[in-house]
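Input: a single structure, listed below in structure tokens.
Residue numbers start from 1 in every chain, and the chains themselves are labelled A, B, ... in the order their sequence lines are given, proteins ahead of strands.
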Amino acid sequence: MQDYLSTLNPEQRAAVEHTGKPLLILAGAGSGKTRVITTKIAYLIREKGYNPYSILAVTFTNKAAREMKERACRIEGRAENAMLRTFHSFGAWFLRRNAEAAGLSPNFTIYDDDDTAALLATIMAGAPKGEVRAAAGRIARAKDYFLDPDSLELPLVDHRKEFRVIYRRYEDRLREIGNVDFGDLIKKPVEILRNNPAIKARIHDRFRVIMVDEYQDANIAQFELLRELYADGAYICVVGDDDQSIYSFRGAEVQNILQFPQKFDGVDTIRLVRNYRSVAPILNLAGIVVNNNAGRLGKELVAERGDGKTPRLVFVQDQDTEAKFCANLVERAVDAGGAYSDWAILYRTNAQSLGFETEFLRRRVPYRVVGSLKFYEREEIKDALALLALMCNPRDEVAFRRVVNKPVRGIGGTTVERVLEQASGVGGDLLAALNEAQTGMTAKARQGVQSFLTALDEARGLLAGNTPSDDDGVAEADGAAEVAEIDGNGVAREKPGKRDKRDAGEKGGKKEKPARPLLKGAEGLSLCVAALAEGSGIAGYHHANDDIKGESRLANLQELVNAASLYPASADGLAEFLEHIELDRSIENAEDNETDMVTLITLHNTKGLEFKKVIMTGVEQGVFPRWDKRDAELEEERRLFYVGVTRAMDELYMTCAEIRRVWGQTQMMEPSVFLHEARDADIKLIGDVPWSWENHRRTTG
DNA sequence: GACAGTGAAATTTTT
DNA sequence: TTTCACTGTC
């Protein structure tokens, strides 16, 4: 009758049916972890009578969250109402509903790492960009570890006493602006729950089941959040694999999973060690290498698939040979009836993808590069998003600075600083301050300010429930501005030219460019986005750049406009759109999944994925692991090796080059220490085995 | 504010 | 080698 349970193995089934005490599921690679979680959600609803509404399951990636929801719903439709989110998306959800308790307005927007660095740059005026970035990183790390500017442990992140000051000032500025950064999405909810018993009681009342996927990647702040969310009598279940912890450099704390049994009362532990993904020799190799790590919980995976092809270690001359070898291998397999999508090329650093791309392009081997799509990091997209953010929150200093004089409208640094100063008089509203600051400006600057404010106003007017404000004497300034623009400066040709273009659109004069291309066919929120991009001049500015450099920035803006059409044209819709973009930057390329292509991917990005055939490239000392890795960091690299190897289902190849060009210099390479550690595994050597490898074998083996 | 020229630096990065 | 941040000039 419960046939959805009958396909589980005994341990999986025990994990699914477990209730009561806190549960730690140690799930090795390929042991059916996602299956267990999704089945468990269905089971709790169907068999244990839990209201789906009372179930919270958190993951780290949006992709994982989506997949979990989809799979859980396939087993039990009511899972639709369970809350399956990423940690950060849950934090944002919680924070919007309890913004007041954190001294925030619910219309806050979320600063990404770039925004954070931009804000910090205004605090660390004059500091080199690298230093600002580093400090921004340490602030993020401090928040990962749940440390305040006045925490005693802050020196563990940065021992310099200036850091405390900088962190404090950063926090103060962020509060004044009324926005949050990624770290706040976790840290603030913890603080709210600690300081507001009523809110905490409400949350405890609601969430009776808490589940966490990839628990080995949780940081301290996330652990604290779980602790606050967890109510007496509720059920908590975390799933993870200490051997796959590869993000400690970003604050993930392996101790969370290692210490879980000590941190919660009466924890039950279930190990999932049957691997259904890889053939035995691959799993054996992975196990032998990761066994060199100390401080593991320790588990031996069992290859349910049994024996299979022996992993190959391929010695190649250099990186060009390496790329050719990969292309050959793939082509030969495809000629024999295989698919391109069976294959994945793994590398340690993004820079290594270039060689493969060049070779694959030349050979017409179809490929996709995972994770390199930086759509939301593009200048034009960030500009448009800053305009939208400013509309959402007129106190957003970072957004304001970014777009106030782009395109150039005569608002220089001095004016910007003056406006920021004045803004404190109008509750931090930078647009109001800008409007007021016009009195001291040249007519030209005033014209620029007017068109900027008008554009924002018009776009806001396109949101339901808003009408453009019709005050401020916008009309009066126009006449004077016209005059000023003409007698403005020596670049006589440029200014009138721009005006011509604008007029041409309306009068149908010049045909080459439609005046407001983005507005065509826009609907929903995209109408607002398009109007803002056009009206602010950002679209025109980047279109001009396209003409010169042959880029496709206008097309990218068009993409953004299209994406917005899914949201309602309202203030809430806008906030939702911005939040979605901040929290989920993965671009779902529907074609990618359907087209037959080789996957090029960094080792880090492969977690959670599997491929029939994997080529792990650049397995050389200095590249993987990098030179500077020792102790704990070396162990993390080793886990990365483990993750890479265990992605492979049927075939694994590892390539090791004799020489490699690094930053234009040719270097002699040595096989990775991980390969030496693997030498007791069954591996087939291919190519010219280097002297050092044989030598090492003789002396140690 | 846009440019050319110079010199130093160069991971991984779920959110 | 490439990329970028910084500097000085127009």
Rounded to the Å, how far apart are A:Asp114 CG and B:dT15 C1'? 14 Å
Salt-bridge contact A:Glu636-A:Lys629 (side-chain N to carboxylate O under 4.0 Å): no
Is there a stack between A:Phe249 and B:dT12, judged by ring centres under 5.5 Å and planes under 30°? yes
Hey, does the side chain of A:Asn219 come within less than 4.0 Å of B:dT14's phosphate (OP1/OP2), counting only N and O? no
Would you say A:Thr61 reaches B:dT15's phosphate, i.e. side-chain N/O to OP1/OP2 under 4.0 Å? no
Let me spell it out: for each of A:Leu185 and A:Ile246, pick the nucleotide of DNA chain B with the closest heavy atom. Which residue's pick is nearer the 5' end? A:Ile246
CZ/A:Arg661: more than 12 non-hydrogen atoms of other groups inside 6.0 Å: no
Taking atom P in both C:dA5 and B:dT12, compute the distance separating them and give it to the nearest angstrom. 16 Å
Donor-acceptor pair under 3.5 Å: do we get one between A:Arg250's side chain and the base of B:dT15? yes
Please determine if a side-chain N or O atom of A:Asn62 lies less than 4.0 Å away from the OP1 or OP2 oxygen of B:dT14. no
If you measure from the P atom in C:dC4 to the same atom in B:dT11, how many Å do you get, rounded? 11 Å
With the side chain of A:Leu583 defined as its heavy atoms from C-beta on, choose the nearest nucleotide among B:dT15, B:dT13, B:dA2. B:dT15
Please determine whether a side-chain nitrogen or oxygen atom of A:Asn350 lies at a distance below 4.0 Å from atom OP1 or OP2 of B:dT13. yes
Heavy atoms from C-beta onward define the side chain here; which of B:dT12, B:dT14, B:dT15 lies closest to that of A:Tyr247? B:dT14
